[in-house]
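What follows is a short report on a single structure.
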Amino acid sequence: MATIEHWIGGEFTAGSGNRTGPVFNPATGRQQHDVVLATSADVEAAVGAARAAFESWGQASLSRRTKVMFNFRELVNARVKELAEIISDEHGKVLSDAAGEVQRGLEVIEFACGIPQLLKGEYSDQASTGVDVFSFREPLGVCVGITPFNFPAMVPMWMYPVAIACGNTFVLKPSERDPSASNYVAGLLKEAGLPDGVFNVVHGDKSAVDALLHHPDVAAVSFVGSTPIARYIYEQGNAHGKRVQALGGAKNHAIILPDADLEFAAGHLAAAAFGSAGERCMAISAAVAVGGAGDALVDLVNRKAGEVVVGNGRDAASEMGPVVTAAAKQRIEGLIDSGEREGAKVTVDGRGLTVPGFEDGFFVGPTVIDQVEPSMEVYREEIFGPVLSVVRTDTVDAAIELINSNPYGNGTAIFTSSGEAARRFQRGVKVGMIGINVPVPVPMAYYSFGGWKDSLFGDKHVHGPEGVSFYTRAKVVTSRWPHVSHAYDASLQFPTAS
C-alpha cells in the first residue's frame, strides 16, 4: 500500500514521525493509501524551507513570478484529466464534477497571472511643495493554507496562486482524507519553474494545524472548513499574531416564488443540492417555497431527485458519487432520521442505498424532506450531504426573515420572474453571495468569495481583489529631494575629514 508523503523544500519526505492515517476510496469503502501525519519537527522543516525561500522569492521580479504562473496554468490545463481521477478516487465525486473543480481553480491561477496589474501602486505628484507621496504593496512572508476535503484541488487554488504571485511562500496543510491532489500540483509547480521551498505540503491532523498556528515565522493563515474549526483557527491565529481569513460553514437557502419557472427551478435545485453529493459549502440545502409554489415544486424536485444516477465516480454514467467516509454517511442518515422523528415528511429517501458492485461504498442517495420547520435538527445543522429540506412560507418577506435569522450567511438564491422581488431580496438578505435564478452563486475569480456572519471569521474574502489585499501589506512613502545649490566637484586628493 503506497504511502503519501510530505513535500518540503522541493522533494518528497516521510518526515520524522511514525504516525499515519488511512486514505479510503469512498466508492469501494476500502483503504487505498496511508498518509504520513506531520510532527512539530516536520512543520518546522516546512516553515523553515518557506522562510529561507522567501529571502529570494520575495524579491523576485513581477515578470519572473508571472512567468511561473503562466507555466503553471498551462501544466494544470494539460493535466485536468489526471487531477480529476486523483480527486475522484479519494473524494468520491464523479469525474465531470472533479474536472469542473479543477477548471474553477484554473480561473484563480489565471487571475494570479495578472499580478503586475493587480499590484500597481498609487502616486501623488507634488502633494506638498516639492513633496511626492506614493504607495506600493509588499508580500507578508510565509503564508499557510488549511483546506477541507470537499474540494482538494480548487480550494487550495483559491489561496496559493495569489499568495505566491504576490511574492509570498506557502505551506499547505490539506485534508488528510484526500491528500494526493496537493502533492500532484506541488510537482507541477516545480515543473513550472517555482524555486524549491516556495510551495510546501505537510499532511496531518490537529497537531500539525496547531504547530502552524503557533509558529512565529508564519505571517498569515487561510482556512476553509466548518464553523467551529474556523472560529478556533481565527482565535488561535490572532492570539499568535497572524493575519487570518477563516471561512466557516453554511446553510444555504433558495427562495422559490410562485411566478418562477418551476421546472427550471426544480432542475437547478436538484443540481445544487445533490451535485458533489451535497458536500460543498455552496450547496442548496433548504428550499423555501413561497405561497402556492410548494406542492408543485416538491413534486418536480422529487422527480428530478429520482432521476439522478448514483454510482462510482469513475463511471462516466454516474452523476453523483458517494460521500467521503463511513462516518459522514452515518451522520447524514442520522439527520434524515431526526427530521422524520420530528414530523417532517421524507418524500425521496436516499438511506440504505446500495450500488451494485460497490456494496461497501459510502453511498447516500438524493433525499428530499418536505414540511421542515426551522426548529428541526435537520434544518439547523449543516448536513453536508445530498439532502434537500423544503420549508414553506407565506410571503417573500417571511422567507427573507427566515434567512436572516439563520446564523450562517454564505450563499443564497431566489427563483422568480419578478425584478422587484429579486431586488428586494438582494438588498434585504444578510448574506455574502447571492444568486438570482442562479442556485450556486460562486463568483468568478476576479471577484472575491466569502460569506457573512458565522460563515466568515476575519475581514477579507478569498481570491479576487480581497485576496491580493490579504496576502500583501501597504507601504506609503513620502519623499522630498531638496534643490542642491552648489556642485560637488570630484577631487584626486586624499580624502580628509575637513
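Reckoned from all heavy atoms, side chains included, excluding hydrogens, waters and symmetry mates. Predicted model, so just to flag it, every value in this text is computed and none were measured.
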How long is the straight-line distance from [atom2] of [Y] back to [atom1] of [X], given to the nearest 0.5 Å?
{"X": "L213", "Y": "K173", "atom1": "CG", "atom2": "NZ", "result": "11.0 Å"}
{"X": "L388", "Y": "I284", "atom1": "CG", "atom2": "CD1", "result": "8.5 Å"}
{"X": "N25", "Y": "Q32", "atom1": "CG", "atom2": "CD", "result": "4.5 Å"}
{"X": "C113", "Y": "M69", "atom1": "SG", "atom2": "CE", "result": "7.0 Å"}
{"X": "E342", "Y": "S375", "atom1": "CD", "atom2": "OG", "result": "6.5 Å"}

Mind telling me whether [Y] and [X] have parallel, tilted or perpendicular rings, with 30° and 60° as the class edges?
{"X": "F149", "Y": "F384", "answer": "perpendicular"}
{"X": "H203", "Y": "H6", "answer": "parallel"}
{"X": "F199", "Y": "Y160", "answer": "tilted"}
{"X": "F358", "Y": "F363", "answer": "perpendicular"}

Backbone N or O of [Y] within a donor-acceptor pair of the [X] side chain at under 3.5 Å?
{"X": "H253", "Y": "K251", "answer": "yes"}
{"X": "E359", "Y": "G357", "answer": "yes"}
{"X": "S318", "Y": "G321", "answer": "no"}
{"X": "S405", "Y": "E401", "answer": "yes"}
{"X": "N168", "Y": "Y471", "answer": "yes"}
{"X": "T395", "Y": "T393", "answer": "no"}
{"X": "S448", "Y": "H463", "answer": "yes"}
{"X": "N437", "Y": "T416", "answer": "yes"}
{"X": "E333", "Y": "G352", "answer": "yes"}
{"X": "D259", "Y": "S417", "answer": "yes"}

- Pair N302, T347: side-chain N/O donor-acceptor within cut-off below 3.5 Å: yes
- Query: Does a side chain donor of either E5 or T13 reach within less than 3.5 Å of an acceptor in the other side chain?
  - Reply: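 Their side chains do not contain a donor-acceptor pair, so the 3.5 Å distance test is not met.
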- Under the criterion salt bridge (Lys or Arg N to Asp or Glu O under 4.0 Å), which of E279, E381, E382 is the partner of R331?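 Among the candidates, only E381 passes.
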Should we say atom [atom1] of [X] is surrounded by more than 12 heavy atoms from elsewhere, each under 6.0 Å from it?
{"X": "Y446", "atom1": "OH", "value": "no"}
{"X": "Q330", "atom1": "CD", "value": "no"}
{"X": "F70", "atom1": "CZ", "value": "no"}
{"X": "R423", "atom1": "CZ", "value": "no"}

Strictly below 4.0 Å, N to O, side chains only: are [X] and [Y] in salt-bridge contact?
{"X": "E176", "Y": "K206", "result": "no"}
{"X": "R79", "Y": "E85", "result": "no"}
{"X": "R243", "Y": "D459", "result": "no"}
{"X": "R380", "Y": "E377", "result": "no"}

- Item | Partner of P156 by side chain to side chain contact (heavy atoms under 4.5 Å, CB included), out of T147, V108, V185, V224 | T147
